[in-house]
Amino acid sequence: MAKIVPFKAVRPTRDKVCLVTCRSYDEYVNAELAAQLDFNPLSFLHILKPAYTNQESVSFEKRYKQVSQKYQEFKNEIILVKDRKPAIYIHKIVNKTQSYTGIIVGTSVEDYRNNIIKKHEGIIAFRVRLLKEYMKYSEFNTEPVLMTYPVNKSIENWLYNCTQKLADFEFSTTKKETHYLWKIDDALEIDWIQNIFKKTENLYIADGHHRTEAIKLLSEENDNSENTAKNYILSYLISENNVKIYEYNRLVKDLNGLSKENFIKELNKNFILKNWKQKPFQPSQKFQIGMYLDNEFYSLELKTEKFTFKNALDCLDTQILYEKVLLPILDIEDLRNDERIEYISGKQSIIEIKQRIDDGEFQVGFLMFPSNINEIKDLADSNLIMPPKSTYIEPKFRNGLVIYEL
C-alpha cells in the first residue's frame, strides 16, 4: 500500500529551462564548473554554490542560508515559478542508447519508516546530517529519490498515452540527452494513479538512500503540524524494467606485500583462473570476475561447489570479492574509507582501468558483472545491505527541473 501525493512544484519558465537545469554539482570538473558559473547567470549551479562570485570559504550553515537566499532571488526574478495547482509530473529522458520514463511525486516518510519503501544500501550518518541541515535551511529539494515499482501494464499504457501529448518542457543537454516533462494536474487522473499505487505492496529505493534518510530526520524534527511537505519524499517512480544498472569496478594500489605468483596462488584456492594475456576480458555472467594485473587480463570463476550460500548477500559478486579476496588476501576491511581502493563505474571504459594500472597508480583491477534488479529486491526484502559501491544506477536527474519546497 504505497502512498503517493501531488505537489506544487517550482520550475523554470519554459523559455529558460535549458539554461537553468544542471547536473549534480559533484559531476562537474573544476574547469566546466567555472565556465558554467562564469558565463551562465541562469544556471541552478548559482543556487547550489552561491559563494562562488566572491570565492568565499564559508561555514556549512552560512552556505545553506546563502543557498536559500539565492533560490529566493531566482524566484523573485521569475526564473523559477511555482505551479498554482498540485500536480504529478511525468519525466522522460532519452539518450543515444536508452529511454527512461517515470513519475515525479511525493512518497510517504511513514511508508519508509514502515518498510513499505525498502532500502538496500548502508548510509553514512555524517552525510545524512549534512543533507538534513542543507534541506532544513534551503527549504527545498530538487534531487528526486529514484524508486522502482513492479512492472504494471496499466501504468505503462497510461504513461504512453500521456507522453503522446505535447510536453510542457522539451530540451536537450550538452550530454546529448533530451528531456521531456508533462504536468498532470487533473484531479481524476491523479486519483486514478494514486489508487494504482495503493495496490502496490512495495517501492524499492534504487538511488538516493542518504536523501531519504535525511528527509526522515527532517520530518521527525518538524514541529509545525501545518507543514506537511516534510512528511513526503521527492521521488521519481520508474518501472523496475526501465532502470539501467551498471557495475562498479575496483582498483587496488598494491598486493598487500605479496608477489604476483603468491597472490595468484591465493586466488586459486577459491577461483578457477584463466589468463587471457593482452585480450581484454569482462565478465559475462554471475560468479565471474575479471582481473587486470601486470599487463595481463584474467578471468576468475568462483568454485561454487565449495560454498553454501545462506542468503542474497552471500551470493552477491561484490560480497564474494570482498570476503574471498579484498579482506583475507589484500587486507582491505573498510571499503568506504581505505585509501588503497578506488571505484570506477561500468560506464567508463575498461581501457581507463588498464591505463591507470599500466601507469603505476594501481597494481590490480577487478572487473565486476553488474547486479540485476531482482538481486537488489532480494536484499531489500531480507533487510540486507549491499557492500559500498556495488551499483551505479540510471537514470540520473538534473537539478532545478522540478523543485519540491519544504
Side-chain angles (χ1 to χ4, degrees), residues 2 24-27 100 102 107-109 111-132 134-135 141 143-150 202-220 233-240 242-250 286 311-323 326-327 332-338 341-347 366 368-397:
S24 177
Y25 179 83
D26 294 335
E27 290 186 28
Y100 307 100
T107 57
S108 169
V109 171
D111 282 353
Y112 176 63
R113 289 195 191 100
N114 293 332
N115 208 31
I116 293 171
I117 295 174
K118 297 197 171 192
K119 60 186 177 183
H120 69 269
E121 284 187 5
I123 57 171
I124 302 170
F126 174 70
R127 186 177 168 194
V128 169
R129 287 197 300 272
L130 281 182
L131 278 168
K132 187 263 293 181
Y134 177 85
M135 288 188 278
N141 183 19
E143 290 192 67
V145 174
L146 179 64
M147 299 187 192
T148 66
Y149 58 82
N202 293 110
L203 300 173
Y204 292 84
I205 299 174
D207 190 27
H209 288 77
H210 287 86
R211 274 168 276 152
T212 306
E213 190 69 19
I215 286 290
K216 188 190 83 165
L217 291 184
L218 196 63
S219 172
E220 291 167 354
I233 305 156
L234 178 66
S235 304
Y236 183 91
L237 307 184
I238 190 168
S239 177
E240 62 186 32
N242 194 207
V243 291
K244 176 67 176 176
I245 304 173
Y246 295 92
E247 72 279 12
Y248 262 111
N249 299 311
R250 278 89 166 111
K286 192 171 173 57
N311 55 48
L313 182 61
D314 284 350
C315 57
L316 197 69
D317 285 349
T318 50
Q319 182 71 5
I320 291 167
L321 181 69
Y322 175 68
E323 289 188 343
L326 299 179
L327 178 59
I332 295 175
E333 182 175 359
D334 187 343
L335 293 173
R336 288 192 186 277
N337 300 309
D338 196 313
I341 189 167
E342 193 170 307
Y343 304 91
I344 294 184
S345 85
K347 288 198 71 175
F366 298 99
M368 309 306 298
F369 184 68
S371 297
N372 60 55
I373 192 65
N374 289 324
E375 287 182 305
I376 291 174
K377 289 174 66 177
D378 287 345
L379 284 161
D381 288 339
S382 303
N383 295 314
L384 296 170
I385 299 300
M386 271 186 165
K389 297 293 186 183
S390 288
T391 57
Y392 179 91
I393 302 179
E394 289 188 336
K396 301 293 184 187
F397 307 100

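Since this is a predicted model, take the numbers as computed values, not measurements. These numbers come from the heavy atoms of this one structure, side chains and all, not from hydrogens, waters or symmetry mates.
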Just do the side-chain contact (heavy atoms from CB on, under 4.5 Å) check on Lys119 and Thr212 with the steps written out, would you?
CA-CA 10 Å; Lys119 60 186 177 183; Thr212 306; over 6 Å; no

Which residues satisfy the ring-ring contact (aromatic ring centres under 6.0 Å, His included) test with His210, sequence neighbours excluded?
none

Got a sec, which residues hit side chain to side chain donor-acceptor pair (under 3.5 Å) with Ser108, two or more places apart in sequence or on another chain?
none

Can you tell me how far apart [atom1] ([X]) and [atom2] ([Y]) are? Round to the nearest 0.5 Å.
{"X": "Leu146", "Y": "Tyr100", "atom1": "CG", "atom2": "OH", "answer": "10.0 Å"}
{"X": "Ile373", "Y": "Thr391", "atom1": "CD1", "atom2": "OG1", "answer": "9.0 Å"}
{"X": "Ile393", "Y": "Tyr246", "atom1": "CD1", "atom2": "OH", "answer": "11.5 Å"}
{"X": "Leu218", "Y": "Ile233", "atom1": "CG", "atom2": "CD1", "answer": "11.0 Å"}
{"X": "Ile332", "Y": "Asp338", "atom1": "CD1", "atom2": "CG", "answer": "5.0 Å"}

Where Ala214 and Leu131 come nearest, the two heavy atoms and their spacing:
CB-CB, 3.7 Å

Asn202 side chain vs Ile117 backbone, donor-acceptor pair below 3.5 Å:
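No, Asn202 side chain to Ile117 backbone: no donor-acceptor pair under 3.5 Å.
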
Is a donor on one side and an acceptor on the other found under 3.5 Å between the side chain of Tyr236 and the backbone of Thr148?
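No; zero donor-acceptor contacts below 3.5 Å.
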
Candidate pair Leu203 and Asp111, rule side-chain contact (heavy atoms from CB on, under 4.5 Å), full reasoning:
CA-CA 9 Å; Leu203 300 173; Asp111 282 353; over 6 Å; no

Can you name the salt bridge (charged side-chain N to carboxylate O under 4.0 Å, His left out) partners of Arg127, sequence neighbours left out?
none

Taking the side chain as everything from C-beta on, heavy atoms only, tell me whether Ile215 gets closer than 4.5 Å to Met135.
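With C-beta onward as the side chain, the pair touches.
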
Does some side-chain heavy atom of Phe366 sit less than 4.5 Å from a side-chain heavy atom of Leu326?
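Side chain of Leu326 against side chain of Phe366, heavy atoms only: contact under 4.5 Å found.
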
Under the side-chain contact (heavy atoms from CB on, under 4.5 Å) criterion, do Tyr112 and Thr107 qualify, and how do the steps go?
CA-CA 9 Å; Tyr112 176 63; Thr107 57; over 6 Å; no

Please evaluate residues Tyr134 and Arg129 with respect to the criterion side-chain contact (heavy atoms from CB on, under 4.5 Å), reporting the C-alpha separation (whole Å), side-chain torsions for both, the decisive distance (0.1 Å), and the verdict.
CA-CA 8 Å; Tyr134 177 85; Arg129 287 197 300 272; over 6 Å; no

Pairs under 3.5 angstrom only: tabulate donor-acceptor contacts from the side chains of residues 311-318 to other protein residues two or more places apart or in another chain.
{"from": "Asn311", "atom 1": "OD1", "to": "Leu313", "atom 2": "N", "distance (Å)": "3.0"}
{"from": "Asn311", "atom 1": "OD1", "to": "Asp314", "atom 2": "N", "distance (Å)": "2.9"}
{"from": "Asp314", "atom 1": "OD2", "to": "Lys310", "atom 2": "N", "distance (Å)": "3.1"}
{"from": "Asp317", "atom 1": "OD1", "to": "Phe287", "atom 2": "N", "distance (Å)": "3.1"}
{"from": "Asp317", "atom 1": "OD2", "to": "Phe287", "atom 2": "N", "distance (Å)": "3.3"}
{"from": "Thr318", "atom 1": "OG1", "to": "Ser390", "atom 2": "OG", "distance (Å)": "3.0"}

Salt-bridge contact Arg113-Glu220 (side-chain N to carboxylate O under 4.0 Å)
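Yes.
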
Residue pairs involving residues 207-218 (criterion salt bridge (charged side-chain N to carboxylate O under 4.0 Å, His left out); sequence neighbours excluded)
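Sorted result for residues 207-218: Asp207-Lys396, Glu213-Lys216.
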
For residues 375-388, which side-chain N or O atoms pair as donor and acceptor with protein atoms under 3.5 Å away, sequence neighbours left out?
{"from": "Glu375", "atom 1": "OE1", "to": "Asn372", "atom 2": "N", "distance (Å)": "3.1"}
{"from": "Glu375", "atom 1": "OE2", "to": "Lys286", "atom 2": "NZ", "distance (Å)": "2.5"}
{"from": "Lys377", "atom 1": "NZ", "to": "Glu240", "atom 2": "OE1", "distance (Å)": "2.8"}
{"from": "Asp381", "atom 1": "OD1", "to": "Lys118", "atom 2": "NZ", "distance (Å)": "3.0"}
{"from": "Asp381", "atom 1": "OD1", "to": "Tyr204", "atom 2": "OH", "distance (Å)": "2.7"}
{"from": "Asp381", "atom 1": "OD2", "to": "Tyr204", "atom 2": "OH", "distance (Å)": "3.2"}
{"from": "Ser382", "atom 1": "OG", "to": "Asp378", "atom 2": "O", "distance (Å)": "3.0"}

